[in-house]
Amino acid sequence: IGGLLVYQILENGEFFSILFMFHIGIFSVGLILGFRPALCYAAAANLIILGIGIFYQLDLSSIILPIVLAFAVVLPSKVVEHLIAESTAELSRINEKLREENIERRRAETELQRHQDHLEELVEERTLELREEIAERQRAEEALRQRTLQLEARNEELDAFAHTVAHDLKLSLIHIS
């Protein structure tokens with residue numbers, strides 16, 4: 001096809017020069033999009049065949065069907081494959097990022113659980129300390145109450161003794177006077 005194009009360019013000039021540029025353009029764009037070189041060349045060759053048929057005003061019914069099939073079936077499926085490959089790559093990147101975020105979230109949850117467990121231990125220790133302190137205060141309060149009762153009883157005894165002594169002294173003084 002390349003040799004035919006060079007011959008046609010030399011013979012007919014501008015039309016085939018433009019066609020050749022389209023041929024190179026389609027081939028290059030196909031490669032840039034990531035299609036296999038054979039597919040790019042086939043698409044470009046079909047364009048050349050169509051161009052030659054148009055230039056020589058040939059009956060294109062025998063040429064058009066393969067060209068239409070190439071552009072309607074093969075190229076769109078390759079475009080879809082290319083889009084799927086790009087989407088798959090993008091989804092893989094997103095999946096990797098989510099996996100990393102998930103690992104980080106699990107690490108943070110583990111760290112948070114460790115801190116929560118530590119806080120629960122501290123609360124439990126402090127609760128035990130407070131219970132012991134409350135029990136000690138209750139024992140001290142009970143001892144204080146017992147001591148208060150003993151002192152009140154002794155005070156009553158002393159009052160009674162003082163009253164008896166004062167009464168006896170008064171009687172003795174009255175008898176002496």
Side-chain angles (χ1 to χ4, degrees), residues 21-47 65-177:
M21 296 305 260
F22 276 125
H23 174 270
I24 298 296
I26 287 179
F27 185 78
S28 300
V29 168
L31 289 177
I32 290 169
L33 289 176
F35 297 126
R36 285 177 284 183
L39 180 66
C40 299
Y41 186 73
N46 282 334
L47 177 69
L65 185 59
I67 293 172
V68 168
L69 286 176
F71 284 103
V73 176
V74 176
L75 284 180
S77 68
K78 292 302 177 182
V79 169
V80 169
E81 284 178 18
H82 180 70
L83 292 174
I84 288 172
E86 284 181 350
S87 297
T88 302
E90 179 64 22
L91 287 174
S92 294
R93 284 189 296 274
I94 291 170
N95 194 28
E96 181 62 23
K97 184 178 178 185
L98 288 174
R99 188 183 67 73
E100 290 171 2
E101 288 175 0
N102 203 10
I103 289 170
E104 180 61 26
R105 182 183 51 80
R106 285 185 184 143
R107 189 200 61 75
E109 285 175 351
T110 302
E111 185 73 13
L112 184 63
Q113 185 62 46
R114 189 177 64 77
H115 286 295
Q116 183 178 357
D117 292 344
H118 179 69
L119 284 175
E120 287 177 4
E121 288 174 7
L122 291 175
V123 166
E124 190 174 321
E125 288 174 8
R126 184 64 180 141
T127 302
L128 287 174
E129 290 172 2
L130 289 174
R131 284 183 182 156
E132 289 173 4
E133 187 177 324
I134 290 170
E136 187 177 317
R137 286 182 184 202
Q138 285 174 340
R139 284 190 296 273
E141 191 177 307
E142 183 59 33
L144 186 60
R145 208 173 323 172
Q146 291 298 324
R147 184 74 176 139
T148 303
L149 289 175
Q150 288 174 351
L151 289 175
E152 285 175 354
R154 283 193 181 168
N155 273 343
E156 286 176 15
E157 288 174 6
L158 280 174
D159 282 344
F161 177 73
H163 183 63
T164 304
V165 167
H167 186 271
D168 288 346
L169 280 175
K170 221 188 231 183
L171 282 177
S172 297
L173 282 177
I174 290 180
H175 285 317
I176 294 179
S177 14

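No hydrogens, no waters, no symmetry mates; every other heavy atom, side chains included, goes into these values.
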Q) To the nearest 0.5 Å, what is the distance between CD (E125) and CG (L130)? A) 12.0 Å
Q) Does the distance from a Lys or Arg side-chain N to an Asp or Glu carboxylate O, for E100 and K97, drop under 4.0 Å? A) no
Q. Are a donor atom and an acceptor atom from the side chains of N102 and R99 found within less than 3.5 Å of each other?
A. no
Q: To the nearest 0.5 angstrom, please state how far the CD atom of E136 sits from the CD atom of E129.
A: 12.0 Å
(Q) Before you tell me yes or no, could you show the steps for E157 and R154 under salt bridge (Lys or Arg N to Asp or Glu O under 4.0 Å), namely the whole-Å CA-CA distance, both residues' side-chain angles and the distance that decides it to 0.1 Å? (A) CA-CA 5 Å; E157 288 174 6; R154 283 193 181 168; 5.7 Å; no
Q.
Before you tell me yes or no, could you show the steps for R105 and E101 under salt bridge (Lys or Arg N to Asp or Glu O under 4.0 Å), namely the whole-Å CA-CA distance, both residues' side-chain angles and the distance that decides it to 0.1 Å?
A. CA-CA 6 Å; R105 182 183 51 80; E101 288 175 0; over 6 Å; no
Q.
Check this for me: R137, atom CZ, are more than 12 non-hydrogen atoms of other residues, nucleotides or ligands nearer than 6.0 Å?
A. no
Q) How many angstroms lie between atom CD1 of I174 and atom CG of L169, to the nearest 0.5 angstrom? A) 11.0 Å
(Q) Under 4.0 Å between a side-chain nitrogen and a carboxylate oxygen: does that hold for E90 and R93? (A) yes
Q: Could you please spell out the steps behind the side chain to side chain contact (heavy atoms under 4.5 Å, CB included) verdict for H167 and K170?
A: CA-CA 5 Å; H167 186 271; K170 221 188 231 183; 5.6 Å; no
Q: Assess whether atom NE2 of H115 is packed by more than 12 heavy atoms of other residues, nucleotides or ligands within 6.0 Å.
A: yes
Q. Would one find more than 12 heavy atoms of other residues, nucleotides or ligands at under 6.0 Å from atom CD of E124?
A. no
Q | L112 CG to D117 CG distance, which is reported to the nearest 0.5 Å | A | 9.5 Å
**Q.** Distance (rounded to the nearest 0.5 Å) between R126 CZ and E133 CD
**A.** 6.5 Å
Q: Working to the nearest 0.5 Å, report the span between CD of E141 and OG1 of T148.
A: 10.0 Å
Q) Stepwise, does the salt bridge (Lys or Arg N to Asp or Glu O under 4.0 Å) test hold for E109 with R106? A) CA-CA 5 Å; E109 285 175 351; R106 285 185 184 143; over 6 Å; no
Q | Step-by-step salt bridge (Lys or Arg N to Asp or Glu O under 4.0 Å) determination, R139 to E142 | A | CA-CA 5 Å; R139 284 190 296 273; E142 183 59 33; over 6 Å; no
